[in-house]
**Student:** 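Here it is: the structure, laid out below.
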Amino acid sequence: MREKHAEIKEEADNNKMEQKASPLPETKMTAQQTLVLIKPDGLIKSLTGNILTELSNTDLIIVGAKIVQVTRELAEEHYQHLREEKFFDELIRYIMGEFHTKRVLALVYQGENAIDKVRRVVGATDPEKADPTTIRGKYGRVTRAGVFENVVHASENLKEAEREIKLWFRPEELVYTIYPTESKKTAKLEFFWKK
Ligand code: IDP
Ligand code: MG
């Protein structure tokens, strides 16, 4: 009987803790979020500073940022719409860093009209056709194998932005979320700095 009481109390305490957990801060839905990736060629060429400066000419704010070692699984999921293209395999190897460095800087920008604003600064997909004042026009190139090494990725539209942000980031990695979140109790292994 005692044990049962203790169990019930523990459960009640857990519930209390759950209620206490504050939700992630949300911002107004009119603001858009967009995913930007500084691709491995951008990192190996030390273009990060230049690219962030170009992007700061928009009035958007960064709400998430991290360095990612891209797995084949993540790469194929991210570029799933290009699965049938003949350059698909090269593209996957490119974003995984096989030609440059195995790192990508993933960022989420937020603000009014964020998706179009970033795409405008980033420029056209083919760096040879991109306006020379855009990031891709300035820093991109086409390889002999025909891959567009265009330095950055930027979400194309609302649907893609949502899909990509949810693919690359967990809600708690963003300081603001615009898509609804839910909390679940998990038993996961976590690492802490040794005291
Ligand atoms: P985007 O990056 O401008 O949105 P997507 O069509 O989504 O363009 O293509 C994703 C990436 O695949 C491009 O950024 C580029 O690196 C590569 N890519 C797209 N089209 C071609 C192509 O015709 N030849 C070689 N690479 C391409
Ligand atoms: Mg695209």
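Counting from 1, the numbers follow the sequence of the chain as shown. Atoms within a ligand are numbered from 1 in the order they appear, just like the ligands themselves.
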**Student:** Taking the non-hydrogen atoms of Glu85, is any one of them nearer than 4.0 angstrom to ligand 1?
**Tutor:** no
**Student:** Got the closest protein heavy atom to atom 17 (C) of ligand 1, with its distance?
**Tutor:** Leu91 CD1, 3.7 Å
**Student:** Please work out whether any backbone atom (N, CA, C, O) or any side-chain heavy atom from C-beta onward of Lys86 is under 4.0 Å from ligand 1, and answer side chain, backbone, both or neither.
**Tutor:** neither
**Student:** Determine whether any heavy atom of Glu160 lies closer than 4.0 Å to an atom of ligand 1.
**Tutor:** no
**Student:** Got Val104 and Ile95 here, is their nearest side-chain heavy-atom distance under 4.5 Å?
**Tutor:** yes
**Student:** Is there an N/O/S atom in Glu160 that lies less than 2.8 Å from the Mg ion (ligand 2)?
**Tutor:** no
**Student:** In Glu156, the N, O or S atom nearest to the Mg ion (ligand 2) is which?
**Tutor:** OE2
**Student:** Linking I/L/V/M/F/W/Y whenever any side-chain heavy atoms sit under 4.5 Å apart, do Leu174 and Leu107 land together?
**Tutor:** no
**Student:** So which heavy atom in the protein is nearest atom 25 (C) of ligand 1, and how far is it from that ligand atom?
**Tutor:** Gly146 O, 3.0 Å
**Student:** Quick one: does ligand 1 sit under 4.0 Å from the side chain of His78, the backbone, both or neither, non-hydrogen atoms only?
**Tutor:** neither
**Student:** Residue-level breakdown please: for Glu149 versus ligand 1, do any non-hydrogen atoms fall below 4.0 Å on the side chain, on the backbone, on both, or on neither?
**Tutor:** neither
**Student:** Below 3.5 angstrom, do we get any N/O pair linking His81 and ligand 1?
**Tutor:** yes
**Student:** For residues Phe148 and Leu91, determine if any side-chain heavy atom of one lies less than 4.5 Å from a side-chain heavy atom of the other.
**Tutor:** no
**Student:** Do you know which of Thr143, Asn150, Val70 makes side-chain contact (heavy atoms from CB on, under 4.5 Å) with Tyr94?
**Tutor:** Asn150
**Student:** Which atoms form the tightest heavy-atom contact between Val118 and Ala154, and what is the distance?
**Tutor:** CG1-CB, 3.7 Å
**Student:** Please report which non-hydrogen protein atom sits nearest to atom 26 (N) of ligand 1, along with the residue it belongs to and the distance in Å to one decimal place.
**Tutor:** Phe148 N, 3.3 Å
**Student:** Do Ile38 and Ile115 sit in one hydrophobic cluster, given that two such residues count as connected whenever their side-chain heavy atoms are within less than 4.5 Å of each other, even indirectly?
**Tutor:** no
**Student:** Report yes if some heavy atom in the side chain of Pro127 is under 4.5 Å from a heavy atom in the side chain of Val142; otherwise report no.
**Tutor:** yes
**Student:** Ring of Phe169, cation from Lys66 - is the NZ or CZ under 6.0 Å from the centre and inside 45° of the axis?
**Tutor:** yes
**Student:** Measure the spacing between CZ of Arg141 and CZ of Arg136 and express it to the nearest 0.5 Å.
**Tutor:** 15.5 Å
**Student:** Using a 4.0 Å heavy-atom cut-off, which part of Glu156 comes near ligand 1: side chain, backbone, both, or neither?
**Tutor:** side chain
**Student:** Is the shortest distance from a heavy atom of Arg119 to ligand 1 less than 4.0 Å?
**Tutor:** yes
**Student:** Looking at atom 3 (O) of ligand 1, what's its closest protein heavy atom, distance included?
**Tutor:** Thr125 OG1, 2.5 Å
**Student:** With no hydrogens and no angle check, do the side chains of Arg103 and Thr101 hold a donor and an acceptor under 3.5 Å apart?
**Tutor:** yes
**Student:** Counting only heavy atoms, which portion of Leu82 has something under 4.0 Å from ligand 1: side chain, backbone, both, or neither?
**Tutor:** side chain
**Student:** Side-chain heavy atoms nearer than 4.5 Å, only ILVMFWY residues, links allowed to pass through others: does that put Tyr109 and Val68 together?
**Tutor:** no
**Student:** Would Lys45 and Tyr139 count as a cation-pi pair here, with the cationic atom under 6.0 angstrom from the ring centre and within 45° of the axis?
**Tutor:** no
**Student:** Does an N or O from Tyr94, backbone or side chain, lie closer than 3.5 Å to an N or O of ligand 1?
**Tutor:** no
**Student:** Which is it for Asn150 and ligand 1 at heavy atoms under 4.0 Å: side chain, backbone, both or neither?
**Tutor:** side chain
**Student:** Do me a favour and list the nearest non-hydrogen protein atom to atom 2 (O) of ligand 1 with residue, atom name and distance?
**Tutor:** Arg136 NH2, 3.0 Å
**Student:** Applying a 4.0 Å heavy-atom criterion (strictly less than), which segment of Phe87 is in contact with ligand 1: side chain, backbone, both, or neither?
**Tutor:** side chain
